[in-house]
Amino acid sequence: MAPPPPPLAASTPLLHGEFGSYPAQGPRFALTLTSQALHIQRLRPKPEARPRGGLVPLAEVSGCCTLRSRSPSDSAAYFCIYTYPRGRRGARRRATRTFRADGAATYEENRAEAQRWATALTCLLRGLPLPGDGEITPDLLPRPPRLLLLVNPFGGRGLAWQWCKNHVLPMISEAGLSFNLIQTERQNHARELVQGLSLSEWDGIVTVSGDGLLHEVLNGLLDRPDWEEAVKMPVGILPCGSGNALAGAVNQHGG
């Protein structure tokens with residue numbers, strides 16, 4: 001077996017190319033993808049001496065996708081990234097950047113280029129290695145991770161479901177993750193669900209509520225006959241309760 005390739009430096013370009021913008025009459029950009037960021041430089045109508053928003057750290061990117069124009073005469077393909085940069089007060093706001101792959105004469109060729117960028121970016125976001133020979137195709141991506149979302153619709157003074165619908169679900173969809181969502185109906189409902197769950201069908205369990213729902217999930221895992229393996233299941237908490245002390249402590253501990 002050949003030895004693994006040496007790790008790339010954070011500034012090593014993985015992809016570089018020229019893209020248009022959406023709508024098509026906008027400026028043109030040079031994009032450079034590294035293992036840590038997407039670098040964006042405006043080329044026309046006038047290069048920027050000090051680019052604004054020209055560096056998008058991958059830590060702020062939730063996902064990406066490729067798109068096609070509704071116009072049958074448009075041979076371009078589109079590469080869209082979803083980001084959540086921090087504002088001046090520390091809060092994050094959703095932003096999208098859409099780039100037009102139009103360097104080839106046919107849509108199929110432009111789509112292949114847009115998919116190459118989307119695949120490379122998705123691999124980096126998921127911690128997957130990129131091939132050293134430069135052949136980057138969607139076949140590199142395994143099946144999307146499957147998450148079980150457990151939502152307490154009464155959490156957060158009754159606002160948990162609204163937060164989930166307006167914020168959580170769009171982010172998970174942007175990330176290209178597969179999920180099933182269950183709204184709990186009573187106390188210990190999540191505990192009972194987890195006790196009888198076929199864990200091999202899932203890559204993680206995420207609670208969307210306050211601290212109580214996570215406690216139910218952990219107790220359900222510990223109640224199982226196979227609890228020693230069950231407790232290895234990745235578990236996440238999205239703070240949609242009233243206090244969210246546990247989620248705050250976990251995030252503080254994680255930096």
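On a predicted model such as this, the values are computed, not experimentally measured, just so you know. In what follows, residues are counted from 1 in the order of the sequence shown. Hydrogens, waters and symmetry mates play no part in the numbers below; they use all other heavy atoms, side chains included.
Asn110 places a side-chain N or O within donor-acceptor distance of the main-chain N or O of Gly103, the cut-off being under 3.5 Å. Judged by distance alone, the side chain of Glu216 and the main-chain N or O of Ala190 form a donor-acceptor pair under 3.5 Å. Using a distance-only test at 3.5 Å, with no hydrogens or angles considered, a donor-acceptor pair links the side chain of Thr34 to the main chain of Gln36. Panel note: side chain Arg116, backbone Glu135; no donor-acceptor pair is recorded below 3.5 Å. Put simply, the side chain of Asp74 never gets that close to the backbone of Arg70: no donor and acceptor are under 3.5 Å apart. Within the 3.5 Å criterion, the main-chain N or O of Pro27 finds a donor-acceptor partner in the side chain of Ser21.
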### Task
Start with the C-alpha distance between Ser71 and Ser73, add both sets of side-chain angles, then the distance that settles side-chain hydrogen bond (donor to acceptor under 3.5 Å, both in side chains), and finish with yes or no.
CA-CA 5 Å; Ser71 172; Ser73 62; 2.9 Å; yes

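Take Pro234 and apply the side-chain contact (heavy atoms from CB on, under 4.5 Å) test, not counting sequence neighbours, and it matches no residue. Scanning for ring pair (Phe, Tyr, Trp, His ring centres under 6.0 Å) contacts around Phe179 gives an empty result, with sequence neighbours left out. Scanning for side-chain contact (heavy atoms from CB on, under 4.5 Å) contacts around Thr137 gives Asp139, with sequence neighbours left out. For Tyr78, the ring pair (Phe, Tyr, Trp, His ring centres under 6.0 Å) partners at least two apart in sequence or on another chain are Tyr22. Residues that satisfy the side-chain contact (heavy atoms from CB on, under 4.5 Å) test with Leu125, not counting sequence neighbours, are Leu58, Val61, Leu121. The side-chain hydrogen bond (donor to acceptor under 3.5 Å, both in side chains) test applied to Asp203 returns Arg143, not counting sequence neighbours. A search for side-chain contact (heavy atoms from CB on, under 4.5 Å) contacts involving Pro57 returns Glu60, not counting sequence neighbours.
Side chains of Gln115 and Thr66: no donor on one and acceptor on the other come within 3.5 Å.
Pairing each heavy atom of Asn244 with each of Gly210, the nearest pair is OD1-CA, 3.9 Å. The two residues Ala120 and Leu15 have their closest heavy-atom pair at CB-CD1, 3.7 Å. Nearest approach of Ala118 to Cys64, heavy atoms of both residues: O-SG, 3.5 Å. Looking at every heavy atom in both residues, Leu31 comes nearest to Trp117 through O-CH2, 3.3 Å.
Other members of the cluster containing Met171 are Tyr84, with ILVMFWY side chains joined at under 4.5 Å, either directly or via other members. Through direct or indirect side-chain contacts shorter than 4.5 Å among Ile, Leu, Val, Met, Phe, Trp and Tyr, Leu128 is connected to Leu141.
Pairs engaging residues 231-245 under the salt bridge (charged side-chain N to carboxylate O under 4.0 Å, His left out) rule: Glu229-Lys232 [sequence neighbours left out]. Within the structure, ring pair (Phe, Tyr, Trp, His ring centres under 6.0 Å) contacts touching residues 86-110 (residues at least two apart or in different chains) are Phe29-Phe99.
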Residues 147-169 side chain polar contacts: donor-acceptor under 3.5 Å, at least two apart:
| unit_1 | atom_1 | unit_2 | atom_2 | d |
| --- | --- | --- | --- | --- |
| Asn152 | OD1 | Phe154 | N | 3.0 |
| Asn166 | ND2 | Gln162 | O | 3.4 |

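The aromatic rings of Phe79 and Phe19 lie tilted to each other, with the angle between the two planes from 30° to 60°.
The CD1 atom of Ile136 sits 11.0 Å away from the OG1 atom of Thr122 when rounded to the nearest 0.5 Å.
Atom CD of Glu108 has more than 12 heavy atoms from other residues, nucleotides or ligands within 6.0 Å.
For the side chain to side chain donor-acceptor pair (under 3.5 Å) criterion with Thr32, the lone passing option out of His39, Gln41, His16 is His16.
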